[in-house]
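Here's the structure, in structure tokens; my notes come after.
Chain letters run A, B, ... following the sequence lines, proteins first and then strands; every chain starts at 1. Here the structure is a predicted model, which means the values were calculated and not measured.
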Amino acid sequence: MVSIADVARDAGVSSSTVSYVLSGKRSISSETQRRVEASIHRLGYHPHAGARALASSRTSVLALIMPLRADIDVPVLMGFVNSVVTTARNYDYDVLLLTNDEGPAGLRRVADSAMADALLLMDVEEEDPRVRVLQSLSCPGVLIGLPNDPGDLSCVDLDFSAAAKRCVRHLADLGHERVALVGPSPVVYERGTSFAGRFLRGFTAAARERGVHATSRACVPSYEGVRDCLDRILTDQPELTGLVVHNEAVIAPLLSELHSRDMRIPEDISVVAVTPDEMAANRPVPLTTVPLPSEDIGRSAVEMTMRELQGVRSPEIRLLSPRLTPARSTARRV
DNA sequence: CCTAAAAGTAGTGTATCACT
DNA sequence: AGTGATACACTACTTTTAGG
């Protein structure tokens, strides 16, 4: 293995000079800089991460804690992971991905063993015991999601309440008077997952505000779950003309189920979905969506974390404003 | 004198301080 | 602008000590 001492010997300088060339924390003559860089290149040197962590008590690793539960939509989650990892690399950080649900003890384990410099927490619940623990840790933490009491932690998320309102108002503007929400899986509500509650409350509030009849149902992500969910909704509202879907895993089976029931989109029923942009276009009928900005959320979370790591303590709750992208799946009610 | 346990030492690769 | 010494946390190895 090539060490900093090998580079120093090759370049004819001391190892501290190599270190300063690498960190850029001191001025180095251009000639020395050039020789050191040439040696680094020639020898194929890469700093030893363990030794770095030992000397600096920094790991250059962010822990992304993302419990992978059965009811979680992996493609959507990967959008967040991708954005977090990509942004972290811009700051010379790597990402430690933790997908087991270890609860508060897991946070302590990672922080106290100094595996990472900061923790990013996903799948946040309204009353999440991890939040209090995260605050008490010595390393910074940022939430992707919004608990009832975030304390002085920074949070980023889509403004799900506003997103729901956007969907309802769009349908109401098109003359729809009877709408329904196909929500996340029942377990997501039971767990008190923060986005689910916020979306549902926004949906209900907007419907009331616009005088629209509204029903909502949790939906198990399977063909059977979708059939059951639709049955219940249509029993409740046989004259339904608008659907809001807040459950990515359900979109495909739902579209196919509507088709088999001869409910044409958008002639018989308008559909608007909350889903990442790239997953909306590739459907039998291009979907009107409120895009889930996983890219922006992941990037913001890492940027906030980096600010904290630089010692800037300015907790911020950043709720991104939803957009609505109209497509063929919604139309004026006839 | 032998063994086991405890204490001590050296070495790892890097960042950084104090110095020239 | 450049350098030597040191700290960092841990491990592997060596030496010392205690007790029989």
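In this structure, R58(A) atom CZ and dA15(B) atom C1' are separated by 13 Å, rounded to whole Å. The interatomic distance linking D92(A) (CG) with dA15(B) (P) rounds to 11 Å, in whole Å. Atoms CG (L22(A)) and P (dT16(B)) sit 11 Å apart, rounded to a whole Å.
At a threshold of 4.0 angstrom between heavy atoms, the contacts of S29(A) are confined to the sugar-phosphate backbone, with no base atom among them. Among the heavy atoms of the strands, none lies under 4.0 Å from S23(A). Base contact: T17(A) has a heavy atom under 4.0 Å from a base atom. Heavy atoms of V13(A) sit under 4.0 angstrom from primed sugar atoms or phosphate atoms, though from no base atom.
With distances taken from any side-chain atom of R26(A) to the nucleotides dC8(C), dG2(C), dT16(B), the minimum falls on dG2(C). Nearest nucleotide to the side chain of L54(A), out of dT14(B), dA9(C), dA15(B): dA9(C). Side chain of R52(A), nearest nucleotide from dC8(C), dG2(C), dT14(B): dT14(B). Side chain of I28(A), nearest nucleotide from dT16(B), dG2(C), dA15(B): dG2(C). Out of dA18(B), dC8(C), dA15(B), the shortest distance to the side chain of S56(A) is found at dA15(B).
Using modelled atom types and a 3.5 Å distance limit, the side chains of R198(A) and S194(A) yield a donor-acceptor pair.
Residue T32(A) has a polar side-chain atom (N or O) positioned under 4.0 Å from OP1 or OP2 of dG2(C). Remark: S19(A) is in phosphate contact with dA15(B), judged by side-chain N or O atoms under 4.0 Å from OP1 or OP2. Contact annotation: K25(A) side-chain N/O to dT16(B) OP1/OP2 distance is under 4.0 Å.
Look at R89(A) and D92(A) and you find a salt bridge, because one of the NZ, NE, NH1 or NH2 atoms lies within 4.0 Å of a carboxylate O, short of that distance. Of the charged side-chain nitrogens involved, none lies within less than 4.0 Å of a carboxylate oxygen, so that E303(A) and R307(A) do not count as a salt-bridged pair. No salt bridge links R35(A) with D10(A); every basic N to acidic carboxylate O contact stays at or beyond 4.0 Å. Ion pairing between a basic and an acidic side chain is recognised when a charged N comes within 4.0 Å of a carboxylate O; R217(A) and D228(A) show no such pairing.
Between H46(A) and Y20(A), the residue whose closest nucleotide on DNA chain B is further toward the 5' end is H46(A).
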